Amino acid sequence: DKKFRPEPFLVEFGEYHPLKPIMVTDTKTRRGARKGSTSSSSSSSSVPTDPLSSMLDGTDPLSMFAAASASEDLGRRKRDKEEDPLGPDFEPWSSKRGEILARFTTTEKLSINLFMGSDKGKAPSPGSAVSEKVRTRLEELDDLEEGSQRELLNLSQQDYANRIEELNQSLKEAWAADQKVKALKIVIQCAKLLSDTSVIQFYPSKFVLITDILDTFGRLVYERIWTMCSDPRPLPDGFTVDDVNDTAKETCLNWFFKIASIRELLPRLYVEAAILKCNRFLSKTGIQEILPRLTAMIRGIGDPLVAAYARAYLCRVGMEVAPQLKDNLNRNFFDLLGTFRQISGENVQNQLVLQRVEVPEYLTLYSPAINWILQCIAYRAPESLLTEMMERCKTLGNNALLLNSVMRAFRPEFVAARATDFIAMIKDCDEAGFPKHLLFGSLGRSLACADPPESERLTILNEAWKVVTKVRSPQDYINCAEIWVEFTCRHFTKREVNTILADIIKHMTPDRAFEDAYPQLQSAIRKILLYFHNFSVLFSIERFLPFLDMFQKDSVRVEVCRSITDVFLKNQVEPTRDPVILNAMLHICKTMHDSVNALTLEDEKRSLALLIIGFIRMVSFGRDFEQQLSFCVEARATFCNLEPVLVQLIHTVNQLAMETRKVMKGNHSRKTAAFVRACAAYSFITIPSLSNIFSRLNLYLLSGQVALANQCLSQADAFLKAAVSILPEVPRSISVEGKFRSSENFLLDFINNFLATLLVVPDHPEHGVLYLVRGLLNMVQDYTWEDNSDAKVRVYTSALPLLAAMSQETYLYSIPKMDSNETLYGGDPKFLSEINKLCETLIGQILDHLKALSKDEVSAHVSSVPVIGKKNTLECDTFGLYFHACTTCICRQMLIHCYSFPHTLNII
């Protein structure tokens, strides 16, 4: 067989050495030589002294094989790059699909006409088996167009889409069941649906749905032929025609012959375009030859809208299989320009009258097709091509539809450089055919991405806004105005932005038109925030806050305020006292706060509170502490429903008092003393409004410590007494991160901190000795602890070190410029006696608790504890244990800890 005749090779024999490099020589002097023969020759005249040293140059067989593989991979990647010049910057069709389906909708009833083939039998005819098979296939193909018709009427848009999806699924199932003719039937019938323009507003969406089926069919056919070529080894990505076997070529030709037998032009065109990629299996230049032929075939389609989308599909397939063939794209586009005169023809106009469709609405139906074709043409195109397109637009009388697509297709840099020329062309367009505000919208999108010449910017804005401000429809107006907001913010000052906002308010306020334009208004806010990071300038824009007032839907208004606050916190680096910023941010934060109600989720409350807290932390009046306190008073009244904000305000005021102490170096004047007492009063008034019991306890303690540091003894005494008084309110369980946990450990932590503070708190002259300690222990005694809990004894145990420290001549720590009990009592024996009595009471309580424990449990813990001393030894008959009662409270405390510790200890 000549097709598989091996190429001859010449075997050259030379001096043989096993480690010499192997060289392959391809010649055509010996026809009879066997393919794959090799010849060995020396790579150099000199022979290395050591045979193994020749391996060092990487010419051993394994190295040569690896190098050859790497070279092949590099070559394949290079070929792939050359064959696929589309980069990530090319917007694929899939990204436009959803937008088209959402934009082109209808409420009209739709229908589907399907010719699913007749059921008539096939009479056998004489002939060979091969002839019978061919005849049967041809009859089946004839049956595609001569079969029974099935028409589905009165379908809604969703029903129509569902039916098309069912056909897509049927295609896959038929293919999986090896029913290739049935699959082709489905594809042909679906392609025929693209000739139906009875509901013309829905045609772009219909095109998207049906071409999904065509894409599925093209992929299935290509994968089938690819699989046939991949036996026994996979076909490389950069394969050539020579790599394809005869069986695959025959199958591929068979598919093209089947499609060529379709009688109707439109399905034959679409189905052949769907499998256009399969031409790679047949010819190197097949695609280059077929694309011009299919382009010429489209000229036979009479309806200009149908022809436009057929060209769009051909360009889409062409970009996938041969993006380098730009000539075919241009030819399709120029043919499309030639069909524009049909729009004013009698057939199209009668169709529009019959379906009650206006010409502007009809022209927008062309937009997806024209935009796609122009996107393919403009992709990585030189700037000169835009000039050519602009000239063709002028030749067609500045066709608005074409001009709009040109501005959206070409690179924004090219459009921005010619913005003035485009404005002149827009002025000359016919307003009736395509609204000019849409053209200015497309121009504005390009100018938002690229900057026009600086000298032309003001002129561009004035010319554009002259047209935009005259748009009567509020929805059309805001769609265009929102685009130009970014251009204005990008290149101009707050004066121009204020003018734009005032005009938007003027157009959108009548009849509450803003209620239907919240997405566009939100987009305008986002663009303003993108360019105005100086909030002093932003809030000085006169119409900015009135613009915010148009957001009257609660959820939208809160979302806008959240976005403003978030941008403020990210960009406001230094604390501020600017009254413009403070007034505006207070208004915005109050809007967020007022949205909180009984139905608001906790996560939402927490999120809003964090934003407001962030704002509060950014407010600073410097050394004007009184003004800072006044701000906190106002903020408390404004944000009373968000507890975390109130907590932050209390912390802010406490910090303010400590900063005052720092400035005065602890020596308060009459004025500063009155100020820190005012801070204490603020906290004392605010804390009771908190619902969280532990927030109140901790803030009472913290505020009391701050008061002590500032020599406000009466205020500190009030804070600590208030903390003791609310201890009985502590519940036995609290919610932590959505789960209920025992409050015992939290309460014990607080009491330990409280006891540590009591060491420096002097006794009140009108109350008894250690009245705060006694009050705390009484509350602990009366508190309802959990069953079998030793928490109360642990509190008593923690109180013993405090009492021991109070009996010392010099306390472990103290507060500057404030006298503690060590100074007030000066080691008075009566004071020490009171401490000893209290210690004895606590030890008695602890011993009573130990007696109540199980004998076995206690003996397991303390059986090995030795008797420490004999002096003042107390014997416990119940447990047979001896407790050493030393005269110092420290030793007594150590002993109690030893007996309560759950392990055996050897005390030295």
Side-chain angles (χ1 to χ4, degrees), residues 469 474-475 477-490 492-572 576 578-597 600 604 607-616 618-619 634-635 638-639 641-642 645:
T469 193
Q475 195 64 39
Y477 167 83
I478 193 61
N479 286 335
C480 190
E482 172 258 328
I483 297 171
W484 283 92
V485 166
E486 183 168 4
F487 177 78
T488 308
C489 296
R490 186 184 181 100
F492 298 97
T493 63
K494 68 176 185 178
R495 176 175 173 272
E496 289 77 13
V497 174
N498 187 67
T499 302
I500 298 293
L501 295 181
D503 194 67
I504 293 176
I505 295 172
K506 176 182 176 182
H507 280 79
M508 302 307 296
T509 301
D511 300 326
R512 300 178 66 85
F514 54 78
E515 293 182 345
D516 299 323
Y518 285 139
Q520 292 84 353
L521 296 175
Q522 284 182 276
S523 176
I525 287 289
R526 286 193 296 269
K527 291 173 180 177
I528 294 173
L529 294 175
L530 182 64
Y531 292 97
F532 283 84
H533 292 165
N534 187 337
F535 279 78
S536 178
V537 175
L538 175 64
F539 292 137
S540 64
I541 298 177
E542 182 181 357
R543 308 306 295 171
F544 183 76
L545 292 180
F547 185 85
L548 292 182
D549 291 339
M550 287 195 296
F551 296 96
Q552 297 190 8
K553 185 178 180 180
D554 290 342
S555 59
V556 179
R557 183 172 65 251
V558 172
E559 185 63 30
V560 171
C561 292
R562 287 171 65 107
S563 63
I564 295 174
T565 308
D566 188 57
V567 174
F568 172 79
L569 296 180
K570 289 180 179 178
N571 295 280
Q572 189 70 31
T576 181
D578 189 332
V580 175
I581 295 179
L582 296 185
N583 290 334
M585 287 304 302
L586 276 174
H587 171 73
I588 291 171
C589 291
K590 185 178 186 303
T591 301
M592 293 190 292
H593 168 269
D594 292 346
S595 67
V596 175
N597 52 45
T600 306
E604 178 72 9
S607 176
L608 294 176
L610 288 175
L611 291 173
I612 297 174
I613 289 172
F615 160 64
I616 291 173
M618 294 304 300
V619 178
E634 182 182 358
T638 305
F639 310 123
N641 290 333
L642 289 175
V645 179

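The structure presented is a predicted model; accordingly, all values stated were derived computationally and were not measured. Atoms considered below: every heavy atom in the structure, side chains included; atoms not considered: hydrogens, waters and symmetry mates. Residues: numbered from 1 along the sequence shown.
Between F547 and F551, the two ring planes are perpendicular [angle over 60°; tilted spans 30° to 60°]. Ring planes of H507 and Y477: parallel class, angle under 30° (limits at 30 and 60°).
For the atom pair CG of N583 and CG of D578, the computed distance is 9.0 Å after rounding to the nearest 0.5 Å. Rounding to the nearest 0.5 angstrom, the gap separating the CD atom in E634 from the CG atom in L582 is 9.0 Å. Within the model, atoms SG of C589 and CD1 of I612 stand 5.0 Å from one another, a figure rounded to the nearest 0.5 Å. Here I564 contributes atom CD1 and L569 contributes atom CG; the two are 12.0 Å apart, rounded to the nearest 0.5 Å. The CZ atom of F568 lies 6.0 Å from the CD1 atom of I581; values are rounded to the nearest 0.5 Å.
Residues M592 and T565 share a closest heavy-atom pair of CE-OG1, 3.4 Å. When all heavy atoms of N571 and V567 are compared, the pair lying nearest together is ND2-O, 2.8 Å. Contact detail for I528 and C489: the closest heavy-atom pair is CG1-SG, 3.7 Å. Nearest heavy atoms, I478 versus A517: CG2-CB, 3.8 Å. Nearest heavy-atom pair across V485 and A524 is CG1-O, 4.0 Å. Residue F487 comes nearest to F492 through the heavy atom pair CE2-CE1, 3.8 Å, listed as atom of the first residue, atom of the second, then distance.
A salt bridge links R557 with D554; the closest basic N to acidic carboxylate O contact falls under 4.0 Å. The pair E486-R526 fails the salt-bridge criterion, with no side-chain N (NZ, NE, NH1 or NH2) lying under 4.0 Å from an Asp/Glu carboxylate O. A salt bridge between E542 and K494 is absent, with no side-chain N of the basic residue lying under 4.0 Å from a carboxylate O of the acidic one.
Residues E515 and K553 form no side-chain contact, since every pair of their non-hydrogen atoms from C-beta on lies 4.5 Å or further apart. With contacts defined as side-chain heavy-atom distances shorter than 4.5 Å, the pair K527/R490 does not qualify. Taking 4.5 Å as the limit, some side-chain heavy atom of L538 sits within range of a side-chain heavy atom of L529. Contact check for D516 versus P474: no side-chain heavy atoms found under the 4.5 Å cut-off. A heavy-atom distance below 4.5 Å is found between the side chains of T493 and E496. With contacts defined as side-chain heavy-atom distances shorter than 4.5 Å, the pair R562/L608 qualifies. Under the 4.5 Å side-chain criterion, counting only non-hydrogen atoms from C-beta, T638 is not in contact with V645. Contact of the T576 side chain with the F535 side chain is not registered, since no non-hydrogen atoms from C-beta on lie closer than 4.5 Å.
At distances below 3.5 Å, at least one donor-acceptor pair connects side-chain atoms of N498 with backbone N or O atoms of R543. A donor-acceptor contact shorter than 3.5 Å links the side chain of T591 to the backbone of H587. With hydrogens and angles disregarded, no donor-acceptor distance shorter than 3.5 Å links the side chain of S607 to the backbone of E604. Panel note: side chain T600, backbone N597; a donor-acceptor pair is recorded below 3.5 Å. No side-chain donor-acceptor contact under 3.5 Å links D511 to the backbone of A513. At distances below 3.5 Å, at least one donor-acceptor pair connects side-chain atoms of N479 with backbone N or O atoms of Q475.
Looking at residues two or more places apart in sequence or on another chain, you find a side chain to side chain contact (heavy atoms under 4.5 Å, CB included) between K570 and D566. Checked against ring-ring contact (aromatic ring centres under 6.0 Å, His included), F514 has no partners two or more places apart in sequence or in another chain. Partners of D594 by side chain to side chain contact (heavy atoms under 4.5 Å, CB included), not counting sequence neighbours, listed by chain and number: K590.
With no hydrogens or angles considered, a side-chain donor-acceptor pair links E482 and S523 at under 3.5 Å.
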Stepwise side-chain contact (heavy atoms from CB on, under 4.5 Å) check, F615 with L586: CA-CA 9 Å; F615 160 64; L586 276 174; 3.9 Å; yes

Working for side-chain contact (heavy atoms from CB on, under 4.5 Å), residues V560 and Y518: CA-CA 10 Å; V560 171; Y518 285 139; over 6 Å; no

side-chain contact (heavy atoms from CB on, under 4.5 Å) between L545 and L548, intermediate numbers included: CA-CA 5 Å; L545 292 180; L548 292 182; 3.8 Å; yes

Criterion side-chain contact (heavy atoms from CB on, under 4.5 Å) on I504 and L521, from CA distance to verdict: CA-CA 9 Å; I504 293 176; L521 296 175; 4.0 Å; yes

